[in-house]
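In listed order, ligands and their atoms are each counted from 1.
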Amino acid sequence: MSILLVFNRHPARFLAALEAEAPKCAVHVWPTDVDPSAIRYIVAWKPAVGIIERFTQTQVIFSYGAGVDHLLLDPGLPKGVPIVRLVEPDLTQRMSEYVLLHTLMHHRRMTEYLELQRQGRWHEHWEPVTQDVRVGVMGLGVLGRAAAEKLRMFGYRVAGWSRTRRAAEGVECYAGMDELDAFLARTEILIALLPDTPATRGIIDARLIGKLATNPDLPGPVLINAGRGRLHVETDVIEALNSGALYAASLDVFEAEPLPAASPLWQHPRVVITPHNASNSPPAGVARYVLEQIARHERGLPLANVVDPAHGY
Ligand SMILES: NC(=O)c1ccc[n+]([C@@H]2O[C@H](COP(=O)([O-])OP(=O)(O)OC[C@H]3O[C@@H](n4cnc5c(N)ncnc54)[C@H](OP(=O)(O)O)[C@@H]3O)[C@@H](O)[C@H]2O)c1
């Protein structure tokens, strides 16, 4: 069995994890002069366009992350070869931690307290009780459902929005464009955990932000985007923060990454920026996941978490 790793930087930790889990497996790292017809499996993260199509005997392409937008950008991807996205418990846990951390941060007005601390000022803000805070999760997939569950356990009033109808205990579920406005009208803290697809790109714009609800005990709605940068229109988010249409934001993902030094987001007192690491893929967990899926495939069993190219996720 030959596996090729095609990454945008050398995947040293992942390579070591794969070699530790499967010492007999031949693992190659692009660029390599291996005979292309020897490769059966590819694990990729942001591969340059045109590399994957050279490996004509590939049976499965694995994304190193939960998102697959980085793969689907390549028009030369071989048709009919399944793409498997990452579903891994540590990745899911870390995303739930990020969502809970940033929801609490804005609900408890921490950006304002940090500013007061810098000024040496002792001043108390009014903060709503958790049971009165309405959080809405856009994307009720693996990560969105887990985050919604943690928020609910913490006492928040949680809703979720997805493309198809979903059900989750204690979560008000909305589906499709017809129900988006109703979801927004009851959402004070908006969490974006959607994939980047033609249908979701730019969905968080000035119009959408204008439809969010405001908790009577908070200065305005909050946006937390840990999905993809192209979900939000950055100029609209900045304008909404400046006008007060948004009270605060936590942004892990951006239209351009790294976020350019000139972006006003860096300096905004109510914005928390993280460098697209809300939930990094854990090398050992991904190695186990890929090897288990390969073992299933080689026993003739169906692969799990196969991407539907028609929907882009
Ligand atoms: N920042 C980070 O560190 C980081 C790390 C990992 C992942 N991510 C991002 O998180 C995203 C979500 O991951 P996941 O594992 O939860 O994905 P997933 O299981 O595929 O779930 C995607 C969710 O989005 C919904 N959705 C897709 N298109 C939609 C549309 N047009 N309208 C409404 N809902 C739509 C889906 O609806 P259905 O349920 O109806 O299919 C589903 O609920 C990934 O795609 C990736 O971009 C970010």
Novice: Sub-3.5 Å donor-acceptor pair from the side chain of H268 to the main-chain atoms of R270, do we have one?
Specialist: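 At least one qualifying donor-acceptor pair exists.
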Novice: What protein heavy atom lies closest to atom 4 (C) of ligand 1? Include the residue and the distance to one decimal.
Specialist: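 Of every protein heavy atom, M95 CE, 3.4 Å lies nearest to atom 4 (C) of ligand 1.
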Novice: Just say parallel, tilted or perpendicular for the rings of Y64 and W45, cut-offs at 30° and 60°.
Specialist: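 Ring orientation of Y64 relative to W45: perpendicular.
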Novice: Starting from atom 26 (N) of ligand 1, which protein heavy atom do you reach first, and at what distance in Å?
Specialist: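 Ranking protein heavy atoms by distance from atom 26 (N) of ligand 1, first comes L194 CD2, 3.6 Å.
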Novice: For A287, is there any backbone N or O sitting under 3.5 Å from a side-chain donor or acceptor partner on E21?
Specialist: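 Not confirmed, E21 side chain does not pair with A287 backbone.
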Novice: Which ligand 1 atoms are under 4.0 Å away from a heavy-atom of R166?
Specialist: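 Close to R166: 38 (P), 39 (O), 40 (O), 41 (O).
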Novice: What do you reckon, does T197 put a non-hydrogen atom under 4.0 Å from ligand 1?
Specialist: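 No, T197 has no heavy atom closer than 4.0 Å to ligand 1.
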Novice: Under 4.0 Å from any heavy atom of G141, which atoms of ligand 1 are there?
Specialist: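 Within the 4.0 Å cut-off of G141, ligand 1 contributes 16 (O), 18 (P), 19 (O), 21 (O), 23 (C), 42 (C), 43 (O).
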Novice: H125 vs H123 aromatic rings, parallel, tilted or perpendicular, using cut-offs 30° and 60°?
Specialist: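 Ring orientation, 0 to 90° scale: perpendicular.
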Novice: Which heavy atom of S281 sits nearest a heavy atom of G65, and at what distance?
Specialist: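 The pair with the smallest heavy-atom distance is OG-CA, 3.7 Å.
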Novice: Check if R85 has a non-hydrogen atom at a distance under 4.0 Å from any atom of ligand 1.
Specialist: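 Yes; R85 lies near enough to ligand 1 that a heavy-atom distance drops under 4.0 Å.
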Novice: What are the two closest heavy atoms between L140 and A148, and how far apart are they?
Specialist: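 It is CD2-CB, 4.4 Å.
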Novice: What is the closest protein heavy atom to atom 32 (N) of ligand 1, and at what distance does it sit?
Specialist: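 Protein heavy atom with the smallest distance to atom 32 (N) of ligand 1: W161 CH2, 3.4 Å.
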Novice: Please report the shortest heavy-atom distance between V158 and R152, naming the atom on each side.
Specialist: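 Nearest pair, atom of V158 first, then R152: CG2-N, 3.7 Å.
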Novice: Check whether any heavy atom of Y98 sits under 4.0 Å from an atom of ligand 1.
Specialist: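 No; Y98 lies far enough from ligand 1 that no heavy-atom distance drops under 4.0 Å.
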Novice: Do V137 and R145 touch side chain to side chain, with heavy atoms closer than 4.5 Å?
Specialist: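 No - every pair of side-chain heavy atoms lies 4.5 Å or more apart.
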Novice: Kindly say whether V135 contributes a backbone atom to a donor-acceptor pair with the side chain of R186 at under 3.5 angstrom?
Specialist: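 Yes; at least one donor-acceptor contact below 3.5 Å.
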Novice: Where on D252 is there a heavy atom closer than 4.0 Å to ligand 1, on the side chain, on the backbone, on both, or on neither?
Specialist: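 The answer is the side chain of D252.
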Novice: Atom 22 (C) of ligand 1: which protein heavy atom is closest, and how many Å away?
Specialist: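 Looking at atom 22 (C) of ligand 1, the protein heavy atom closest to it is P195 CD, 3.8 Å.
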Novice: Do you know which two heavy atoms are closest between R157 and Q131, and how far apart they sit?
Specialist: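 Smallest heavy-atom distance, with atoms named: CD-O, 2.8 Å.
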Novice: Which of the atoms in ligand 1, numbered in the order shown and given with their element, are less than 4.0 Å from a heavy-atom of H276?
Specialist: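 Counting from 1, the qualifying ligand atoms are 1 (N), 2 (C), 3 (O).
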Novice: Please say whether D196 places an N or O atom under 3.5 Å from an N or O atom belonging to ligand 1.
Specialist: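 No: no nitrogen or oxygen of D196 is under 3.5 Å from one in ligand 1.
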Novice: Could you list which atoms of ligand 1 come closer than 4.0 Å to a heavy atom of A66?
Specialist: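 Answer for ligand 1: 6 (C), 7 (C), 15 (O).
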Novice: Check each atom of ligand 1 against the heavy atoms of T200 and keep those under 4.0 Å away; list them by number with element.
Specialist: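 Numbered from 1, ligand 1 contributes 28 (N), 29 (C), 30 (C), 31 (N).
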Novice: Does any N/O atom on R163 come nearer than 3.5 Å to any N/O atom on ligand 1?
Specialist: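 Yes - when backbone and side-chain N and O of R163 are compared with those of ligand 1, one distance drops under 3.5 Å.
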Novice: Report yes if some N/O of G139 lies less than 3.5 Å from some N/O of ligand 1; otherwise report no.
Specialist: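 In fact, backbone or side chain, G139 has no N or O that close.
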Novice: Note the single closest protein heavy atom to atom 10 (O) of ligand 1, along with its residue, its atom name and the distance in Å.
Specialist: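 Nearest protein contact, heavy atoms only, for atom 10 (O) of ligand 1 is L143 CD1, 3.8 Å.
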Novice: Please check whether L193 reaches ligand 1 - meaning an N/O of the residue sits under 3.5 Å from an N/O of the ligand, judged on distance alone.
Specialist: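 N/O-N/O distance below 3.5 Å does not exist for this pair.
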Novice: Show which atoms of ligand 1 fall inside a sub-4.0 Å distance from at least one heavy-atom site of R228.
Specialist: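 Atoms satisfying the 4.0 Å criterion: 8 (N), 9 (C), 46 (C), 47 (O), 48 (C).
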Novice: Kindly confirm or rule out an N or O of S279 lying under 3.5 angstrom from an N or O of ligand 1.
Specialist: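 Yes, since at least one N or O of S279 sits under 3.5 Å from an N or O of ligand 1.
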Novice: Are E97 and K150 within salt-bridge range, i.e. N to O under 4.0 Å?
Specialist: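 A salt bridge is absent here (no side-chain N lies under 4.0 Å from a carboxylate O).
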Novice: Is a donor on one side and an acceptor on the other found under 3.5 Å between the side chain of D252 and the backbone of A226?
Specialist: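 A pair under 3.5 Å: no.
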Novice: For atom 48 (C) of ligand 1, find the nearest protein heavy atom and state the residue, atom name and distance (0.1 Å precision).
Specialist: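 Checked against all protein heavy atoms, atom 48 (C) of ligand 1 sits closest to A226 O, 3.1 Å.
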Novice: Quick one: look up the protein heavy atom nearest atom 41 (O) of ligand 1 and list residue, atom name and how far away it is.
Specialist: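 Closest protein heavy atom to atom 41 (O) of ligand 1: Y313 OH, 2.6 Å.
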Novice: Yes or no: does G65 have any heavy atom under 4.0 Å from an atom of ligand 1?
Specialist: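 Not so, G65 does not reach ligand 1.
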Novice: Atom 9 (C) of ligand 1: which protein heavy atom is closest, and how many Å away?
Specialist: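 Nearest protein contact, heavy atoms only, for atom 9 (C) of ligand 1 is G227 O, 3.5 Å.
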Novice: Considering only heavy atoms of A199, which atoms of ligand 1 have at least one such atom less than 4.0 Å away?
Specialist: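 Those qualifying, in numeric order: 31 (N).
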Novice: Quick one: do the Y41 and E298 side chains pair a donor with an acceptor below 3.5 Å?
Specialist: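 Their side chains do contain a donor-acceptor pair, which is all the 3.5 Å distance test asks for.
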Novice: With only distance considered, is D69 within less than 3.5 Å of ligand 1 through an N or O on each side?
Specialist: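 So ligand 1 has no N or O lying under 3.5 Å from an N or O of D69.
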Novice: Quick one: do the Y247 and N215 side chains pair a donor with an acceptor below 3.5 Å?
Specialist: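 No, no side-chain donor-acceptor pair sits under 3.5 Å.
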Novice: Are V253 and V233 in one and the same hydrophobic cluster, where Ile, Leu, Val, Met, Phe, Trp and Tyr link if side-chain heavy atoms are under 4.5 Å apart?
Specialist: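 They do not share one cluster, since no chain of ILVMFWY contacts under 4.5 Å joins V253 to V233.
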